[in-house]
Enquirer: 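Quick one: structure below, then a few questions.
All residue numbers in this chain count up from 1 along the given sequence. Read the numbers this way: they start at 1 and go in the same order the structure lists the ligands and their atoms.
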Amino acid sequence: MIKIKNLHKSYKMGKNSLHVLKGLDLEIQEGELVAIMGSSGSGKSTLLNIIGMLDNHDHGTYELDKVIIEKMDETKAAKYRNKFLGFVFQSFNLINYKNALENVILPLYYQGLTKKMREEKALKYLDDVGLKQWASHLPNELSGGQKQRVAIARAMVSEPKVLLADEPTGALDSNTSKEVMNLIQKINGAGKTILVVTHEHDISQMCSRVVKLKDGVIVEDKKINQKKAL
Ligand code: ADP
Ligand code: MG
């Protein structure tokens, strides 16, 4: 599903540049649930953003579902993102003045569905994350775990090939984290390829493979016996 070879990424800052990814190789098969670990600043988000086409790489090749991803204009990138990728962030990134259902509907505006179809589909995805009853609630009326579940429904509603989660439990207590990981395991169990960036050991053990980043390359990569979140 994902094939990365010799990936390099630097950030330019005035005259200086910070070389973050230094020839990284990574292959991920369809249906895997992969934890990406590494200390703060090791380049986890940089890697995820490149995989998620939120940022470009400098050198190397990146293949997503057999399509070579290269620099492209933003319209085309947005189209690919919408079709291939779902995102979940630590800070949920919900729109505060839109209710849960409206937040989940957002990615469907580009898909040529009628209003009724959009609503029905979004409601089904809210139901899948156990939040049908909360459809008309605003984000500030939801708990952290509920917000993250809405964010997951929003990421899933466009039926992406890959779900990318950058520290999805980073703002949650341990019980709520387990609920969110339980949901992620359920979605993976239905066949979705998922990458979870985390620096928490417990969370990584709920995945089926752990990849460790250090000094811009992968220093460890192993399949593990996945622990059930709940
Ligand atoms: P992680 O997610 O593992 O904590 P990041 O990928 O966010 O690490 O960051 C890796 C390094 O790149 C850090 O030193 C960070 O400060 C730097 N960095 C990240 N994003 C940018 C940016 N947009 N511009 C400049 N430097 C950045
Ligand atoms: Mg990060």
Enquirer: Tell me every residue that passes side-chain hydrogen bond (donor to acceptor under 3.5 Å, both in side chains) with Glu200, counting only those two or more places apart in sequence or in another chain.
Expert: Thr169
Enquirer: Which protein heavy atom lies closest to atom 27 (C) of ligand 1, and at what distance to 0.1 Å?
Expert: Tyr11 CD1, 3.3 Å
Enquirer: Do any nitrogen or oxygen atoms of Val20 lie less than 3.5 angstrom from nitrogen or oxygen atoms of ligand 1?
Expert: no
Enquirer: Report yes or no: does Arg118 contribute a side-chain atom to a donor-acceptor pair with the main-chain N or O of Ile105 at less than 3.5 Å?
Expert: no
Enquirer: Looking at ligand 1, is there an atom of it that comes within less than 4.0 Å of some heavy atom belonging to Ser40?
Expert: yes
Enquirer: Show me the pairs that pass side-chain hydrogen bond (donor to acceptor under 3.5 Å, both in side chains) and involve residues 174-198, at least two apart or across chains.
Expert: Asp173-Thr176
Enquirer: Considering heavy atoms of the protein only, find what lies nearest to atom 5 (P) of ligand 1 and give residue, atom and distance to 0.1 Å.
Expert: Thr46 OG1, 3.7 Å
Enquirer: Determine yes or no for a side-chain-to-main-chain donor-acceptor pair under 3.5 angstrom, with His19 supplying the side chain and Leu21 the backbone.
Expert: yes
Enquirer: Whether Glu70 and Lys76 form a salt bridge (side-chain N of Lys/Arg under 4.0 Å from carboxylate O of Asp/Glu) is what I want to check.
Expert: no
Enquirer: Do Leu18 and ligand 1 have an N or O pair less than 3.5 Å apart?
Expert: no
Enquirer: Does the distance from a Lys or Arg side-chain N to an Asp or Glu carboxylate O, for Glu119 and Lys115, drop under 4.0 Å?
Expert: yes
Enquirer: For residues 42-58, dump all side-chain donor-acceptor pairs below 3.5 Å to protein atoms at least two apart in sequence or in another chain.
Expert:
residue	atom	partner	partner atom	Å
Ser42	OG	Ser39	O	2.7
Lys44	NZ	Gly38	O	2.9
Lys44	NZ	Ser39	O	3.0
Ser45	OG	Asp166	OD1	3.4
Ser45	OG	Asp166	OD2	2.7
Thr46	OG1	Tyr11	OH	2.9
Asn49	ND2	Ser45	O	3.4
Asp55	OD1	Lys9	NZ	3.2
His57	NE2	Gly60	O	3.4
Asp58	OD2	Ser10	N	2.6

Enquirer: Is the ring pair Phe84/Tyr80 parallel, tilted or perpendicular, if the boundaries are 30 and 60 degrees?
Expert: parallel
Enquirer: Any donor-acceptor pair under 3.5 Å linking the side chain of Glu102 with the backbone of Asn99?
Expert: yes
Enquirer: Around the Mg ion (ligand 2), how many protein N, O or S atoms are found at less than 2.8 Å?
Expert: 1
Enquirer: Kindly identify the option in Gly41, Ser45, Ser42 whose heavy atom sits closest to atom 13 (C) of ligand 1.
Expert: Gly41
Enquirer: Please write down residue, atom name and distance for the protein heavy atom closest to atom 8 (O) of ligand 1.
Expert: Gly43 N, 3.2 Å
Enquirer: Enumerate the atoms of ligand 1 whose separation from the nearest heavy atom of Ser39 is less than 4.0 angstrom.
Expert: 3 (O)
Enquirer: Hey, is atom 20 (N) of ligand 1 under 4.0 Å from any protein heavy atom?
Expert: yes
Enquirer: I'd like to know if the side chain of Arg209 reaches the main chain of Val34, judged simply by a donor and an acceptor atom lying under 3.5 Å from each other, with no hydrogens or angles considered.
Expert: no
